[in-house]
Amino acid sequence: MKASETFMYPMNKIPLHKMIYDSIAKKITAQDYHIGDALPSESELERTFQVSRTPIRQALKQLEMDGLIYRLQGKGSFVANYMPIGNWTAMTGFQDLYNEEWQKIFARTLEVGRIRSPFHAQLLRVQENAELIHLKRIRYFNGEPVIYLEHYLNLKLPLDIFRKNGDFISIDQLLNDEQGIEFTSVKEKIEAVTVSESIAEQLHLKNGAPVVRSTRISFDQEGQPVDVTVNYFSSDKWTYRINFNKK
């Protein structure tokens with residue numbers, strides 16, 4: 001399979017939403033913002049950090065999930081004492097680390113392109129020869145690569161949302177923020193495989209090393225498949241867990 005179009009991301013980029021998250025979190029920890037205080041509006045934060053609205057929303061969403069803030073529709077964001085973690089982290093297999101050490105986790109997009117893959121097209125319920133959006137990504141913990149991911153999505157989605165948000169951690173959150181798509185169910189297959197040379201290089205493993213591969217299909221509110229994610233991870237680096245129940 002060969003992508004007909006590829007967009008390569010620089011590897012030295014600091015995730016924008018993480019910079020914003022860290023800045024606000026430090027002010028909360030230092031009590032520059034107190035419990036109940038209103039944070040600056042999204043527009044004010046855009047001007048302060050000189051970024052687009054998307055990384056602002058990603059940072060605020062994560063602050064809310066980590067219990068540092070809560071948000072009231074039409075009123076803004078406020079410093080919280082405690083708020084529960086959101087549902088989406090439960091679908092990542094990375095939940096324990098998100099809950100306890102989110103600041104050590106970040107992701108980078110290596111490539112954004114288009115590809116023809118009859119197998120993944122069938123999983124997405126589109127024509128076998130249809131072009132799909134194809135993403136290659138790495139998720140890191142404490143500076144070490146722990147998961148190599150490839151996403152296959154319907155080309156009806158705007159390609160630019162993945163190009164302008166290359167440092168997103170969760171595709172679930174990105175599609176919810178950008179397109180109003182909410183994943184309400186997933187199907188996943190997990191198997192042991194030997195890693196290819198290219199993936200081994202990305203994960204800092206020996207060529208042919210055993211890894212766990214998961215193929216996850218995520219479905220929207222209408223029961224339609226939106227994303228097929230293939231994850232490769234070494235089980236000696238972290239433990240994979242799923243506990244998802246959309247209520």
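- To the nearest 0.5 Å, atom CG of residue Leu157 and atom CD1 of residue Ile181 are 5.0 Å apart.
- Heavy-atom minimum distance, Val195 versus Lys206: CG1-O, 3.7 Å.
- From Phe168, atom CZ reaches atom CG of Leu135 across 5.5 Å, with rounding to the nearest 0.5 Å.
- Across Ala59 and Ile20, no two heavy atoms sit closer than the pair CB-CG2, 3.7 Å.
- Atom CD of Glu201 is surrounded by 12 or fewer heavy atoms from other residues, nucleotides or ligands within 6.0 Å.
- Although no hydrogens or angles enter the test, the distance criterion places a donor-acceptor pair under 3.5 Å between the side chain of Arg116 and the main chain of Asn129.
- In this structure, the separation between OG1 on Thr215 and OH on Tyr232 is 7.0 Å, given to the nearest 0.5 Å.
- No side-chain donor-acceptor contact under 3.5 Å links Thr194 to the backbone of Pro210.
- Partner of His134 under the side chain to side chain donor-acceptor pair (under 3.5 Å) criterion, chosen from His120, Glu150, His151, Arg114: Glu150.
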| task | Test side chain to side chain contact (heavy atoms under 4.5 Å, CB included) on Val230 and Arg213 and set out the steps. | result | CA-CA 7 Å; Val230 183; Arg213 179 176 66 193; 3.8 Å; yes

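- Residue Glu191 places its CD atom among more than 12 non-hydrogen atoms of other residues, nucleotides or ligands, all under 6.0 Å distant.
- Within the 4.5 Å cutoff, no side-chain heavy atoms of Lys156 are placed close to those of Val126.
- In this structure, the side chains of Lys187 and Phe219 come closer than 4.5 Å at one or more pairs of heavy atoms.
- Nearest heavy-atom pair, Ile161 versus Pro158, reported as atom, atom and distance to 0.1 Å: CG1-O, 3.1 Å.
- Using a 4.5 Å heavy-atom threshold, the side chains of Leu39 and Leu45 count as separate.
- In this structure, Ser218 and Val226 have side chains that are not in contact, with every pair of non-hydrogen atoms separated by 4.5 Å or more.
- Considering CG of Leu174 and OG1 of Thr54, their distance stands at 7.5 Å, rounded to 0.5 Å.
- Using a cutoff of 4.0 Å between basic side-chain nitrogens and carboxylate oxygens, Lys26 and Asp22 are not scored as salt-bridged.
- With rounding to the nearest 0.5 Å, the separation of CG in Asn176 from CD in Gln173 is 8.0 Å.
- Contact record, Arg53 with Glu42: CD-OE1, 3.0 Å, taken as the closest heavy-atom pair.
- Of all heavy-atom pairs between Ala121 and Leu132, the closest is N-CD1, 3.7 Å.
- The shortest side-chain heavy-atom distance between Phe49 and Pro55 does not fall under the 4.5 Å cut-off.
- Atom CG of Asn154 is separated from atom CD of Gln224 by 10.0 Å, given to the nearest 0.5 angstrom.
- Within the 3.5 Å criterion, the main-chain N or O of Glu197 finds a donor-acceptor partner in the side chain of Asn207.
- In this structure the side chain of Leu175 never reaches within 4.5 angstrom of the side chain of Asp220, judged on heavy atoms.
- For the residue pair Phe233 and Val211, the shortest heavy atom distance occurs at O-CB, 3.5 Å.
- At least one cation-pi condition fails for Arg137 and Phe162: the charged atom is not both under 6.0 angstrom from the six-membered ring centre and inside a 45 degree cone around its axis.
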